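Structure, as structure tokens:
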Amino acid sequence: MSLYSQYKHLIGKPYVDGTDDCYGTVRAYYRDVYSMELQNYARSVDFFLAGINILTEYFTDEGFRAVDTSLNKLLVGDGLLMSVASRSGTINH
């Protein structure tokens, strides 16, 4: 069974802030694949506008750690945190 067929239920879901947003999809993926229950942290929609980098803190609290590696060395299950359309450059996805 392909990776796509196993997790296609996560593709095309309607966006709902706080539940079915980018973090909600990550939570569902880690739950379905690794049986990991990541906490659903409270966060405002525009936390990154204030320059608050909560995602790095939350993922650290969940046991993830930052590593410096090239993109071609990423493995299935590795996560990427990035800044998307954030004027402050704060990580928001």
Side-chain angles (χ1 to χ4, degrees):
M1 183 181 294
S2 73
L3 187 63
Y4 172 78
S5 64
Q6 290 176 6
Y7 304 104
K8 66 183 178 183
H9 67 283
L10 298 174
I11 299 171
K13 290 180 69 167
Y15 179 88
V16 179
D17 188 54
T19 57
D20 289 325
D21 52 16
C22 58
Y23 183 61
T25 301
V26 168
R27 291 180 68 228
Y29 173 79
Y30 281 98
R31 180 190 64 237
D32 295 350
V33 177
Y34 301 105
S35 299
M36 292 174 61
E37 290 293 334
L38 303 179
Q39 184 174 329
N40 191 15
Y41 295 92
R43 60 204 180 276
S44 67
V45 176
D46 57 355
F47 66 88
F48 59 93
L49 295 176
I52 302 170
N53 187 358
I54 60 174
L55 294 181
T56 301
E57 177 183 337
Y58 291 165
F59 279 101
T60 300
D61 289 348
E62 293 294 334
F64 292 89
R65 63 183 174 84
V67 296
D68 186 16
T69 190
S70 60
L71 292 176
N72 64 347
K73 292 186 179 181
L74 293 175
L75 302 173
V76 172
D78 288 348
L80 295 174
L81 297 179
M82 63 191 83
S83 174
V84 176
S86 171
R87 290 184 181 155
S88 68
T90 301
I91 293 171
N92 59 0
H93 285 85

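Quantities reported herein were computed from a predicted structural model and do not represent experimental measurements.
- Proximity of a side-chain donor or acceptor of E62 to a complementary backbone N or O of Q39 within less than 3.5 Å is detected.
- Annotation: salt bridge (Lys or Arg N to Asp or Glu O under 4.0 Å) contacts of D61 (sequence neighbours excluded): none.
- If you take CZ on R27 and CG on N40, they are separated by 4.0 Å, rounding to the nearest 0.5 Å.
- When the ring pair (Phe, Tyr, Trp, His ring centres under 6.0 Å) test is applied to Y30, the partners found at least two apart in sequence or on another chain are Y34, F64.
- Closest approach of D78 and K73 over heavy atoms only: OD2-O, 4.4 Å.
- Few gaps surround CG on N72; more than 12 heavy atoms of other groups in view lie less than 6.0 Å from it.
- Among residues two or more places apart in sequence or in another chain, the ring pair (Phe, Tyr, Trp, His ring centres under 6.0 Å) test is passed with Y7 by Y29.
- The hydrophobic cluster containing V26 does not contain V67, counting ILVMFWY residues as joined when their side-chain heavy atoms lie under 4.5 angstrom apart, directly or transitively.
- Taking CG of L74 as the start and CG of L80 as the end, the distance is 5.5 Å to the nearest 0.5 Å.
- Note that OH of Y23 is 5.5 Å distant from OH of Y41, once rounded to the nearest 0.5 Å.
- Of all the heavy atoms in L10 and A28, the pair that sits closest is CD2-CB, 3.6 Å.
- Note: the hydrophobic cluster containing L38 also contains V76 (ILVMFWY, side chain heavy atoms under 4.5 Å, direct or indirect links).
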